[in-house]
Engineer: 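Dropping a structure here in C-alpha cells format, bear with me for questions.
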Amino acid sequence: MTDETKTPDKFTIINELARRRCFFWQSYKIYGGVSGFVTYGFLGAKLKQNIEKKVRELFVNKLGILEIESPIITPSKVFEASGHVDHFKEPMVECMKCKRRFRADHLLEEFAEISSLEAEKLSLEEVKEAIEKHEIRCSECEGTFGEPKYFLTMFKTTIGPYSEAVGYGRPEAAQGIFVEFRRLYEMAREKLPFGVMQIGHVLRNEISPRQGLIRSREFTIIDLEFFFDPEKPNCYLLKDYENETLPLVLAENKLRGSEEIVEVTVRDALEKGYIKAEWQSVFMVLAKKLLVDLGVPTEKQRFIEKLPWEKAHYALQSFDQEIYVERWGWIEVSGHAYRTDYDLKRHMQFSGIDMRVFKEYEKPVEKEQTVVKPLMVRLGPVFKEEAAKVAKMLSEADPEEVEASIRKNGSFTLGKYRITPEYVEITRSNVKELGKRFIPYVVEPSFGSDRMVYVALEYAYRVKDDRVILSFPRDIAPLQVGVYTLVSKDGLPERALQVYRMLINEGFSVEYDEAGSIGRRYARADEIGMPLGITVDYETLKDNTITIRDRDSWKQVRCRIEDLPELLRKYFRWKADFNDLGEPFES
RNA sequence: GCGGCUGUAGUCUAGUUUGGUUAGGACGUCAGCCUGCCACGCUGAGGACCCGGGUUCAAAUCCCGGCAGCCGCACCA
C-alpha cells in the first residue's frame, strides 16, 4: 500500500475535524505558525471547560479540595528550591561530523559507567573531561563531540524591565501550591488531611513538539496536592473504593521486560505493596472513573509504574495513567506521584520558613528532658567572637548526645570545638510536651487537560452510514441542544425561536438552525456531538408539542414544550434516559 | 535538533515534470428559491498559490534562506 492510498489514521481525522469545525488548531498561522502552540475555538474551549468542570465536581465539590490560582511567571529561587533548575536542564553534546545530538549524561552512563546520579552532578567542564577521558565518540558515525551545552526545558525570562532577576515560566503548577503552604494550611483550618488544586497554563520548551494537543509547549495542567500526616496515612474514603480494580503495569514486571497489565483491587494493591500510599490508590481509582466518564472504557486504560530512573526527582513512587490511542499507543493523561515531604522540606531549607505543622498529642506527653544551657560567662572569654556561634551550635545539638558524651568522655566535640563541662549547665527537668511539629506528606494526581480533550474526542468519534458522529458523554458535549424547524416557513421559525429563547433562559447551551434541509442540520449537529435535537413541526402549531431526537440512536420522542426544561435538566444530569423524555415518535 | 518528503480557499485537492491568458474541481459557508424528518435539487456570492530573497520579459511552477507539516532518528525530567 502506498502512502497516497493509505487511509488517514484517527489522529489525522480528529485534527482535520477539529480544524474544520473549529475545536482547535495550530496558533499563529497567519505568520506561518509556531509549533507547540494550540488555539481552541468555540467548541474546543467549551469541551475543555466541561471536562475541567467534571474535574472540579469530582475533587472540589465532592472531596472538598481547595482550588487556587497562582502566577505562571515564577522567580528562579522557587525552581532552585524545587530542584527543577537542576533537573530540567540536560547537558547535550553534538557530533561535529553528523550533527546528531545526544544527552551527555546518557553517554557517560553508557560508556563511562558513571551512574545517572553522579552524571547529573557533573558540570559542563567535567562532562567534557569525562567524554575526552573515555574517548566517547558518536555511536552513528564515530565523529567527535563538540562543547557540551545545557538545554533548558524551562522558558526563562527576566522580571521587570531593567531587572536582572531571573524568572521561569512554570513547568508545573504544583510549586504555586507548595510555596503558599502556610496560608493554605490556614485556609484548611489547620487540619490534615487536605488538598489544594489548581488548573492553569504551564510552559515547557520542548525540543520537538510534534503531536498536536498531545504535546505542546504551553498547555493546561491540573495539579492536585494532597497533604496528609505520614503517621496517619489512612484514607477515610478507602472503604468506598477498596473493591474497585486498577489495571497496573508494575515496575518489577517492566524490569523483566513485560508490560503485562495486572488487574488488582485497591485493597490488594495496597496489601501487596504495589501502591505505597492509600490516598494515592484512591486518587488513581478516581482518575480511572473520571476517564470512564469522559468516554474511555477501563480496558483502554492502564497505570504504568515509573522505573527509578524514569521518575521525576521529587517522587518516591510514580504511576502514569495511560490511555490507548490509535496513533501512538499508550499516552499519559495523568501522573500520580508520591512526593512525600520533598517539596515542602526543600522550600523550608531554601526560604528559611518553617513549613512544619503542629500536631497536638491526644494526651500531653510528660517526659524528662535534658537541657543543655551554654554558660556564656565562661564561653565568651575563651571563644571570643566565635562564642555566639558555638552557643548556637550547642543549642542545635541533641542534648541527650551532649550529656552522654560529656559523662562518658568528659567532653563533647562540636565541629572543631571541644566542649568541656565547665562551659555548660546540664539540667534535667520534667516537661509537658503538648504535641510535635512535622512536615506533611503529599500525594499528587496531575492531569493534562489538553490530552483529556484529545482522548475524549478520539473516543467519541464514530462513523454511522458514512456520517461522522461525536458521541460525547452528554455532560461534556460543547453544545447541548439544537432547535430546528422542520421547514422554514408557515410560522415555524417564529415558534422555534420562542423555544430556543426559552431554553437559553433556562440555562442550556443551545443552537438554533433553520438553514438547509432538516437531515442536513441533524448531520451537522451529530458532527459536533450535540446530544439532542428539538424539531418544531406542524404538530407544534396545533398542540405545543415538539420532537426530540437522540444523536446516537437517531430515534425521536415527542413531548410538550412546557415540560422541556425539567426533562432536559434531568437528562443532562443523568437522572433520565432518552426514552423518558416523551412518547415514541415515528415520522 | 539532524536526515528524507511536503506546503494551493474553512476542508480535501488539480495544476509544478516542460515558467506564459482570468489558478480548476469537490465538500463546507453565505443569500435566494426549494424542502412534511436524516448531508435532495436549482441560482448566485464570497474564499487560496506558507514567508522572504534570487533568476527571468514573465514564478504557484526554477534556485537559496526561513517558517510550518509529515515520516525516521534523537528528546519528552
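Each chain gets a letter, A, B and so on, in the order its sequence line appears, and its residues count up from 1.
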Engineer: Could you tell me which nucleotide pairs with B/rC70 by Watson-Crick or G-U wobble geometry, both distances under 3.5 Å, or answer none if nothing does?
Structural biologist: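 Paired with B/rG4.
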Engineer: Applying ring pair (Phe, Tyr, Trp, His ring centres under 6.0 Å), can you list everything that pairs with A/Y324, at least two apart in sequence or on another chain?
Structural biologist: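 A/Y324 satisfies ring pair (Phe, Tyr, Trp, His ring centres under 6.0 Å) with A/W330 only.
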Engineer: Within the 4.0 Å heavy-atom criterion, would you say A/T153 contacts the bases, only the backbone, or no part of the nucleic acid?
Structural biologist: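 No contact.
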Engineer: Return the pairing partner of B/rG19 with a 3.5 Å limit on both distances, Watson-Crick or G-U wobble; otherwise return none.
Structural biologist: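 Result: none.
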Engineer: List the residues meeting salt bridge (Lys or Arg N to Asp or Glu O under 4.0 Å) with A/K542, not counting sequence neighbours, and say none if there are none.
Structural biologist: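 A/K542: salt bridge (Lys or Arg N to Asp or Glu O under 4.0 Å) contacts with A/E539.
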Engineer: Does NZ or CZ of A/R467 lie under 6.0 Å from the centre of the six-membered ring of A/W554, at an angle within 45° of the ring axis?
Structural biologist: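 That pair qualifies as a cation-pi contact.
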Engineer: Could one point to a donor on the side chain of A/R549 or the base of B/rC37 with an acceptor on the other under 3.5 Å away?
Structural biologist: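 Answer no: no donor N or O sits under 3.5 Å from an acceptor.
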Engineer: Name the nucleic acid region contacted by A/S208, choosing base, sugar-phosphate or nothing; use a 4.0 angstrom heavy-atom cut-off, strictly under.
Structural biologist: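 Base, at least one base atom sits under 4.0 Å.
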Engineer: With A/D526, which of A/R521, A/K464, A/R549 fulfils salt bridge (charged side-chain N to carboxylate O under 4.0 Å, His left out)?
Structural biologist: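 Of all the options given, the one that passes is A/R549.
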Engineer: Taking CE from A/M530 and P from B/rC38, how many angstroms apart are they, rounded to a whole number?
Structural biologist: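 Those two atoms, CE and P, are 18 Å apart.
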Engineer: Mind checking what makes side-chain contact (heavy atoms from CB on, under 4.5 Å) contact with A/A337, not counting sequence neighbours?
Structural biologist: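 Only A/Y314, A/A315, A/S318, A/R339, A/E444 meet the side-chain contact (heavy atoms from CB on, under 4.5 Å) criterion with A/A337.
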Engineer: Where the side chain of A/R327 is defined as all heavy atoms beyond and including C-beta, which of B/rC70, B/rA68, B/rA74 is the nearest nucleotide?
Structural biologist: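 Taking heavy atoms from C-beta onward, the closest nucleotide is B/rC70.
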Engineer: Indicate, with a heavy-atom threshold strictly under 4.0 Å, whether A/Q556 touches base, sugar-phosphate, or nothing.
Structural biologist: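 Contact class for A/Q556: base.
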Engineer: Starting at atom CD of A/E511, determine the distance to atom P of B/rU29, rounded to an integer number of angstrom.
Structural biologist: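 Value for this atom pair: 11 Å.
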Engineer: Pick the nucleotide of RNA chain B nearest each of A/I30 and A/G36; which residue has the one closer to the 5' end?
Structural biologist: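 Taking each residue's closest nucleotide, the earlier one in sequence belongs to A/I30.
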Engineer: Which class fits the ring pair A/F578 and A/Y571: parallel under 30°, tilted 30 to 60°, perpendicular over 60°?
Structural biologist: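 It falls in the perpendicular class, over 60°.
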Engineer: Determine whether A/D537 and A/R558 satisfy the following criterion, salt bridge (charged side-chain N to carboxylate O under 4.0 Å, His left out), listing intermediate values before the conclusion.
Structural biologist: CA-CA 11 Å; A/D537 56 18; A/R558 187 150 205 118; 2.8 Å; yes
Engineer: Could you go through nucleotides 30-36 of chain B and list every protein N or O atom that sits under 3.5 Å from one of its N or O atoms, giving the distance for each pair?
Structural biologist:
unit_1 : atom_1 : unit_2 : atom_2 : d
B/rU35 : OP2    : A/K489 : NZ     : 3.2
B/rU35 : O4     : A/S488 : N      : 3.1

Engineer: Once side-chain hydrogen bond (donor to acceptor under 3.5 Å, both in side chains) is applied, do any residues pair with A/D465, and if so which ones, sequence neighbours excluded?
Structural biologist: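 Partners of A/D465 under the side-chain hydrogen bond (donor to acceptor under 3.5 Å, both in side chains) test: none.
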Engineer: For residues 516-538 of chain A, pull every pair meeting ring pair (Phe, Tyr, Trp, His ring centres under 6.0 Å), keeping only residues two or more places apart or in separate chains.
Structural biologist: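 Matches after skipping sequence neighbours: A/Y484-A/Y522.
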Engineer: Which residues satisfy the ring pair (Phe, Tyr, Trp, His ring centres under 6.0 Å) test with A/H201, sequence neighbours excluded?
Structural biologist: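 Result, ring pair (Phe, Tyr, Trp, His ring centres under 6.0 Å) vs A/H201: none returned.
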Engineer: Looking at A/D537 and B/rC37, is any side-chain donor or acceptor paired with a base atom of the opposite kind under 3.5 Å?
Structural biologist: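 Looking at the base of B/rC37, it does pair with a donor or acceptor on the side chain of A/D537 (distance under 3.5 Å).
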Engineer: Any N or O donor-acceptor pair under 3.5 Å from the base of B/rG28 to the side chain of A/R520?
Structural biologist: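 No, the side chain and the base share no sub-3.5 Å donor-acceptor pair.
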Engineer: By ring pair (Phe, Tyr, Trp, His ring centres under 6.0 Å), which residues pair with A/F303, not counting sequence neighbours?
Structural biologist: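 In terms of ring pair (Phe, Tyr, Trp, His ring centres under 6.0 Å), with neighbours along the sequence ignored, A/F303 is linked to A/H336.
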Engineer: Provide the distance between the two P atoms, one in B/rU56 and one in B/rG1, to the nearest whole Å.
Structural biologist: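 Nearest-Å result for B/rU56 against B/rG1 at atom P: 33 Å.
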Engineer: Whole Å only: how far is the NZ atom of A/K464 from the C1' atom of B/rC38?
Structural biologist: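 So the two atoms are 10 Å apart, to the nearest Å.
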Engineer: Just compare B/rA68, B/rC76, B/rC37 and give me whichever is closest to any side-chain atom of A/R215.
Structural biologist: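 From the listed options, B/rC76 comes nearest.
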Engineer: One character per nucleotide, please: for nucleotides 5-11 of chain B, 5' to 3', B when the base has a protein heavy atom closer than 4.0 Å, S when only the sugar-phosphate does, - otherwise.
Structural biologist: -----SS
Engineer: Does A/Y522 make a side-chain donor-acceptor contact with the base of B/rC37, cut-off 3.5 Å?
Structural biologist: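 Yes, a donor-acceptor pair under 3.5 Å.
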Engineer: Distance check, C1' atoms only: B/rA59 and B/rG20, in whole angstrom units.
Structural biologist: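 Looking at atom C1' only, B/rA59 and B/rG20 are 10 Å apart.
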Engineer: Tell me every residue that passes ring pair (Phe, Tyr, Trp, His ring centres under 6.0 Å) with A/F181, counting only those two or more places apart in sequence or in another chain.
Structural biologist: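 If we apply the ring pair (Phe, Tyr, Trp, His ring centres under 6.0 Å) test to A/F181, skipping adjacent residues, the hits are A/Y185, A/F227.
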Engineer: Any donor-acceptor pair under 3.5 Å linking the side-chain atoms of A/R495 with those of A/Q498?
Structural biologist: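 On atom types as modelled, these side chains qualify, holding a pair under 3.5 Å.
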Engineer: Under 4.0 Å between a side-chain nitrogen and a carboxylate oxygen: does that hold for A/E259 and A/R302?
Structural biologist: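 Result for this pair is yes, salt bridge flagged.
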Engineer: Can you see if the side chain of A/Q26 gets near the phosphate of B/rA68 - specifically, an N or O under 4.0 Å from OP1 or OP2?
Structural biologist: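 The answer is no; no side-chain N or O of A/Q26 sits under 4.0 Å from OP1 or OP2.
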Engineer: In whole angstroms, how far is the P atom of B/rC76 from the CD1 atom of A/I207?
Structural biologist: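 Computing the A/I207:CD1 to B/rC76:P distance gives 7 Å.
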Engineer: What integer number of Å spans the P atoms of B/rG4 and B/rG65?
Structural biologist: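 After rounding to an integer number of Å, I get 11 Å for this pair.
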Engineer: Round to a whole Å and report the spacing from CD1 of A/I528 to P of B/rG28.
Structural biologist: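 Distance, rounded to whole Å: 16 Å.
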Engineer: Strictly by Watson-Crick or wobble contacts shorter than 3.5 Å, is anything paired with B/rC62, and which nucleotide is it?
Structural biologist: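 B/rC62 is paired, partner B/rG54.
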Engineer: Considering only heavy atoms, which members of residues 168-178 of chain A lie under 4.0 Å from some atom of RNA chain B?
Structural biologist: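 Heavy-atom contacts with RNA chain B come from no residue of residues 168-178 of chain A; none.
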Engineer: Between A/K254 and A/E310, does at least one N-O distance fall below 4.0 Å, as a salt bridge requires?
Structural biologist: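 A salt bridge links A/K254 with A/E310.
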Engineer: Got a list of protein N/O to nucleotides 42-44 of chain B N/O distances below 3.5 Å?
Structural biologist:
none

Engineer: If we take the P atom in both B/rC33 and B/rU17, what is their distance in whole Å?
Structural biologist: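 Looking at atom P only, B/rC33 and B/rU17 are 47 Å apart.
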